Peer 1: 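Quick one: the structure is below, and I'll ask about it shortly.
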Amino acid sequence: MKLLQVNTPVPKDIPLDLPLPEWLLVILLVVSFLLHIIFINLMVGGSIITLWAQIKGLKNKEYDIFAHEIAKTITVNKSIAVVLGVAPLLSINTLYTIYFYSANALTGFVWIMIIPLVTIAFLLTYLHKYTWKNLEKNKHIHIAIMGLAVAIFLFIPLIFLTNVNLMMFPEKWGTVKGFVSALVLPNVLPRYFEFLGACIAVTGVFITWYNNRKTYPIDKIYSSFTRYHIKKIGYSIATVGLALQIFFGIIVLFTLPSKGLGYGVISIMAIAGLFLAYALWYCYQSIICPKEDIDLHFKKIAVSILIFMVFYGGSRQMYRHTALEKHQELVTAHTAEFQKLSKEARENPVEETTDLEIDESLGEIAKGSAVFNQYCAACHRTTEKLVGPPITEMASIYATDEAGLKNWIKTPGKKRADYPQMPGFSQLTDDELKELAKYILTFK
Amino acid sequence: MDFPMFHLDWLNDRFLIAVIAILHVFINHGLAVGFIPYITWLEQKGVTNASKDQITDLNWDNLIYKKMKVAFIITTTIGAMTGVGIWFSVALVSPSSIGSLIRVFYWAWFTEWLVFVTEVILILIYFLTWKNSNTSLKAKVRHIKFGWFLSIFSWITMAIIVAILGFMMDPGNWNNEQTLLNGFTNPIYFPQLLFRTPTAMLIGGVFGMLLTTIFTKKGCDIRAKAVKYASKWILVWTPLVIIGAVFYWSVMPSAMKDNMSTAVGSMEFAQYYDLLKYFIIGTASLSVLLALFALMKPKKINFAFVIVPCVLAFGFLGIFERVREFVRKPYVIGNYMYSNLLREEDYPLYKRDGILKHATYTAITEITEENKIEAGRDVFMNLCSRCHTVNPQGVNSITYVFERMYGFGKPLDKNSMAAYIPNMHNGRTYMPPFAGNKKELDALVAYIKQVQQTGESLEGVQTSGVKINPLNSVKSVTEKLEENKDYSED
């Protein structure tokens, strides 16, 4: 059990039950997040590879075609990525309401910038895709469009990682001032680079699969690249990605703040890592093996990466769970405590005798004057205009029409063009109204 | 109270949500719900009007494809991201309300998500296989079927979201039962849906006509033909818009209508509160006029003719959304939570103890002469900042609204303000009642007075960070809980 630091805030939770059992929410979160992240990997990785291939394509035309083919998949994958992101967002919002929203608010400005930035990146990918022919003569501009999109795509995951990291450390909330200070908390950057490795690895595997489909007319599209050639590029990309992922994965493991660590988390992360190493080994084998064996290991690689993702995602959730467990208990207790207080206060309301300050020396009009001071003095003075007309003016208008005065107070109309509308006071009792009218009409 | 307060002191927090939400509704209604069926219908017309030896009229088909391309690009970029953006912005500005709604509406949103996924996959198929489907009649017919499926799914996403919006205005008997079904059976649900559906269709048609004038040459046959179809579409849907609007207006709870005058603009324009009505009638009649004219003289129609009704139609939808957002004030969730994010049921407690004691993020637990201004700022942040800014140049700034009452440029009078604030909800029903105690009221008033003198502004937690209330830190909460345990063990 880890001690919580004293200057850690303990907010109250939303006092409504979770809509489904917690374990089910956790499963939904982990599974839907997995689906989402695969397409995010393809979107980010795809755009990086497109940029790389297109730059290479300046010298070798075949790479330009290759870039174009990948570019076509980005716009599809990005749409799926966004829509698949809604379910994990919904689930994390429900499961960790207090934690997630607090992190969002503390990094609020950059957090909301995700919306315009991603929109721009998406528009750029369409622009890039649909201007391939038109900008044939201006390749540099065309590549710059993709470069800008890639830059944005590289920045966005950093924002997300900063948030899901910050949410686990309520003890840091009091020290954070804006996005940058949350970004430099331990573990964010290693996780980010691990993630980039994953993007490249998953995209590499995807490229191999995409070009292995029988219906995909490689010979019509390329003039010299063959199916074998492109698949080999795919495996090479995957190898680089996996190597990066393993390297930064190890750093992640060593920089994890100890708060949420336990043997369970460590061992699952380590098992996950083994699957990754397995995938890396066979990717490398696929590059160096004889031509006819290139498809031999594909399934092993794809499946082990998938298993890695399940284990890694699971261990992340475990880490989050242990990191927040103690704090959540306090939050729950605090919430219950607050509700109890609220109920007591509701049942024994402090008598709001609207503390009318009655000045008995005024005799007859004492109560009316007090009501006036309470409700009307904010806008009406005795002889000069404030927000509304002075009392003297009221008195002269309603000198002989007490009913009309009462009526106005309850439901005022709109009379004077250069005055705002007066609010109605339907909550006044008949007695209060009578006293009030009496008071006003003494100014005749 | 329980969340760090994000705050935009110039733009105004509500404005942030409004901009994103209205943009989203424009795209969702105008370019998806109302536009896709219109496109599919026209694609189908291309097949039925083609000569015997053709699958479809290729020139015609290409025009419709181009229109669809516009909708495809916009819906899958700005449309999709503003949809997510509503979530993001509401979670920043109004975390307790969205947090509560999610707990009630989880399955509705989850279903919505499944429909969403289907919609996205259908739109990808529909648009990306368009050209390939032109190779055989069978493929083309199947393609058109996809168009109709897509239309249905777009409509369903709207139908679910309207339940949630309707619920936020009038939760029916949710307060007692708090179940999902109540959201759908609430009294505003059907009228709102009946109003939105034809409105979306109308906007889709007008926008479609606008695109025709962009993609075709003036006076050519294909433009005349496309314009005529759009006119028929508009003429069919417009009467339903009017009927829907009347129905919707008639069920809106009367308490909400009282807010109408301020909803439409600001209070100075109170007399324009009929604006929306005229706007609806105006837009509808103008669209009908345009459609009739286009039916008679289709070749005369050009961009300039269509742009005005098109802008008006979007404008009318925008005003409608603004009004919808506003009429539910002072509540975010009717009769449950006020727009200052406090639950109505907790008011007696706040009245007794003050709010700062229960706020998670404030440095002040006891108001003194020295910390009064700082306390006032925290009170403002908790009770007023969701709707008012501090920066004198900001939208709906607090000094502006007070000076408008008491005279511009005159020093504000503390007593008048202190008399006004506890009563403000009576006269200005769009504002929640003041929740704090007497000391907090004085602190708030002192703060507002200082703001008027210094012209300072108020930073949100996204730049200033948070201070933790010692009464709500791990240390004191643990102590309090242990104390209680001792009591109960005795």
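Quantities reported herein were computed from a predicted structural model and do not represent experimental measurements.
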Peer 1: Give the member of Phe3(B), Trp87(B), Phe6(B), Phe88(B) that has the highest number of heavy-atom pairs under 4.5 Å with chain A.
Peer 2: Phe88(B)
Peer 1: Can you confirm whether more than 12 heavy atoms, excluding those of Glu344(A), are under 6.0 Å from its CD atom?
Peer 2: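 More than 12 within 6.0 Å, yes.
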Peer 1: I'd like to know if the side chain of Glu432(A) pairs up with that of Thr429(A) as donor and acceptor (distance under 3.5 Å, no hydrogens or angles considered).
Peer 2: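 Note: Glu432(A) and Thr429(A) side chains meet the donor-acceptor criterion.
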Peer 1: Please find out if less than 6.0 Å separates the ring center of Phe425(A) from that of Trp408(A).
Peer 2: no
Peer 1: Could you point out which residue of Val477(B), Ile468(B), Asn472(B), Val474(B) forms a side chain to side chain contact (heavy atoms under 4.5 Å, CB included) with Thr8(A)?
Peer 2: Val474(B)
Peer 1: Using non-hydrogen atoms and a 4.5 Å limit, figure out which bit of His7(B) sits close to chain A: side chain, backbone, both or neither.
Peer 2: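 For His7(B), there is no contact with chain A at all, as no heavy atom is under 4.5 Å.
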Peer 1: Does OH in Tyr130(A) sit with more than 12 non-hydrogen atoms of other residues, nucleotides or ligands closer than 6.0 Å?
Peer 2: yes
Peer 1: Do you know which of Ile115(A), Leu18(A), Ile112(A), Leu28(A) has the most heavy-atom pairs under 4.5 Å to chain B?
Peer 2: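 When all of Ile115(A), Leu18(A), Ile112(A), Leu28(A) are compared, Ile115(A) has the most.
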Peer 1: Quick one: of Pro95(B), Pro470(B), Gly407(B), Ala418(B), who has the most non-hydrogen atom pairs under 4.5 Å with chain A?
Peer 2: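 Sorted descending by pairs with chain A, the first entry is Pro95(B).
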Peer 1: Answer with side chain, backbone, both or neither: which region of Thr76(B) has an atom nearer than 4.5 Å to a non-hydrogen atom of chain A?
Peer 2: both
Peer 1: What part of Asp413(B) gets closer than 4.5 Å to chain A, counting heavy atoms only: side chain, backbone, both or neither?
Peer 2: side chain
Peer 1: Let me know if Leu124(B) has heavy atoms under 4.5 Å from chain A in its side chain, its backbone, both or neither.
Peer 2: side chain
Peer 1: May I ask you to decide whether Lys343(A) forms a salt bridge with Asp346(B), counting only side-chain N to carboxylate O separations under 4.0 Å?
Peer 2: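 No salt bridge links Lys343(A) with Asp346(B).
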Peer 1: Which bit of Ile120(A) comes within less than 4.5 Å of chain B, counting heavy atoms only: side chain, backbone, both or neither?
Peer 2: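 Ile120(A) has no heavy atom closer than 4.5 Å to chain B.
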Peer 1: Can Ser342(A) and Arg343(B) be counted as having a side-chain donor-acceptor contact under 3.5 angstrom?
Peer 2: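 Arg343(B) and Ser342(A) do not have a side-chain donor-acceptor pair below 3.5 Å.
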Peer 1: Do Lys78(A) and Phe153(A) form a cation-pi contact, if we require the NZ or CZ to be under 6.0 Å from the six-membered ring centre and within 45 degrees of the ring's axis?
Peer 2: no
Peer 1: Given the options Gly99(B), Ser89(B), Ala80(B), which has more heavy-atom pairs under 4.5 Å with chain A than any of the others?
Peer 2: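 Heavy-atom pairs under 4.5 Å are most numerous for Gly99(B).
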Peer 1: Can you tell me which portion of Tyr350(B) sits under 4.5 Å from chain A's heavy atoms? Options are side chain, backbone, both or neither.
Peer 2: side chain
Peer 1: Among Thr119(A), Val82(A), Leu90(A), which residue forms the greatest number of heavy-atom pairs with chain B at distances under 4.5 Å?
Peer 2: Leu90(A)
Peer 1: Start with the C-alpha gap between Asn163(A) and Thr107(A), add the side-chain angles, then the distance that decides, and say whether side-chain hydrogen bond (donor to acceptor under 3.5 Å, both in side chains) holds.
Peer 2: CA-CA 8 Å; Asn163(A) 263 272; Thr107(A) 59; 3.1 Å; yes
Peer 1: May I ask you to check whether Tyr99(A) and His327(A) place their ring centers less than 6.0 Å from one another?
Peer 2: yes
Peer 1: So which of Val76(A), Asn104(A), Leu84(A), Thr75(A) has the largest heavy-atom pair count under 4.5 angstrom toward chain B?
Peer 2: Leu84(A)
Peer 1: Where on Leu128(B) is there a heavy atom nearer than 4.5 Å to chain A: the side chain, the backbone, both, or neither?
Peer 2: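 Just the side chain, heavy atoms under 4.5 Å.
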Peer 1: Under 4.5 Å heavy-atom distance to chain A, tell me which part of Phe127(B) shows up: side chain, backbone, both or neither.
Peer 2: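 The side chain, not the backbone.
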Peer 1: With chain A, which of Ser96(B), Gly465(B), Gly85(B), Pro348(B) has the greatest number of heavy-atom pairs at distances under 4.5 Å?
Peer 2: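 Maximum pair count with chain A is reached by Pro348(B).
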Peer 1: Please rank Ile123(B), Val93(B), Ile98(B) by heavy-atom pairs under 4.5 Å with chain A and give me the top one.
Peer 2: Ile98(B)
Peer 1: Between Tyr106(B) and Ser91(A), is there a side-chain donor-acceptor contact under 3.5 Å, judged purely by atom types and distance?
Peer 2: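 Note: Ser91(A) and Tyr106(B) side chains meet the donor-acceptor criterion.
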Peer 1: Which region of Phe100(A), side chain (C-beta onward) or backbone (N, CA, C, O), has a non-hydrogen atom less than 4.5 Å from a non-hydrogen atom of chain B, or is it both or neither?
Peer 2: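 When you check distances to chain B, no heavy atom of Phe100(A) falls under 4.5 Å.
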Peer 1: Charged N to carboxylate O under 4.0 angstrom, Glu171(A) versus Lys259(A)?
Peer 2: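 Yes.
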Peer 1: Any idea which of Leu89(A), Ile80(A), Thr175(A) has the most non-hydrogen atom pairs under 4.5 angstrom with chain B?
Peer 2: Leu89(A)
Peer 1: Taking Phe338(A), Tyr419(A), Phe179(A), Trp173(A) one by one, which has the highest count of heavy-atom pairs under 4.5 Å against chain B?
Peer 2: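 Among the listed options, the one with the most contacts to chain B is Phe338(A).
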Peer 1: Does any backbone or side-chain atom of Val176(A) lie under 4.5 Å from a heavy atom of chain B? Answer side chain, backbone, both or neither.
Peer 2: backbone
Peer 1: Counting neighbours of CZ on Phe15(B) that are heavy atoms of other residues, nucleotides or ligands and sit closer than 6.0 Å, is the number greater than 12?
Peer 2: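 It does not: Phe15(B) CZ has 12 such atoms or fewer within range.
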Peer 1: Tell me, for Lys410(B) versus chain A, whether the close heavy atoms (under 4.5 Å) come from the side chain, the backbone, both or neither.
Peer 2: neither
Peer 1: Could you have a look at Gly178(A), Ala87(A), Ser79(A) and say which one has the most heavy-atom pairs with chain B under 4.5 angstrom?
Peer 2: Ala87(A)
Peer 1: Quick one: what part of Val84(B) sits under 4.5 Å from any heavy atom of chain A, side chain, backbone, both or neither?
Peer 2: both
Peer 1: Check each atom of Leu349(B) against the heavy atoms of chain A and say whether the ones under 4.5 Å are side chain, backbone, both or neither.
Peer 2: both
Peer 1: Ring of Tyr126(A), cation from Lys69(B) - is the NZ or CZ under 6.0 Å from the centre and inside 45° of the axis?
Peer 2: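 No - Lys69(B) does not lie over the ring of Tyr126(A) by the 6.0 Å and 45° rule.
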Peer 1: Please determine, among Lys480(B), Lys467(B), Gln462(B), the option with the most heavy-atom pairs under 4.5 Å with chain A.
Peer 2: Gln462(B)
Peer 1: Under 3.5 Å, is there a donor on one side chain and an acceptor on the other for Asp2(B) and Tyr361(B)?
Peer 2: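 Looking only at side-chain atoms, Tyr361(B) and Asp2(B) do not form any donor-acceptor pair under 3.5 Å.
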Peer 1: Using heavy-atom distances under 4.5 Å, tell me whether Ser464(B) contacts chain A through its side chain, its backbone, both, or neither.
Peer 2: backbone
Peer 1: Which bit of Lys72(A) comes within less than 4.5 Å of chain B, counting heavy atoms only: side chain, backbone, both or neither?
Peer 2: neither
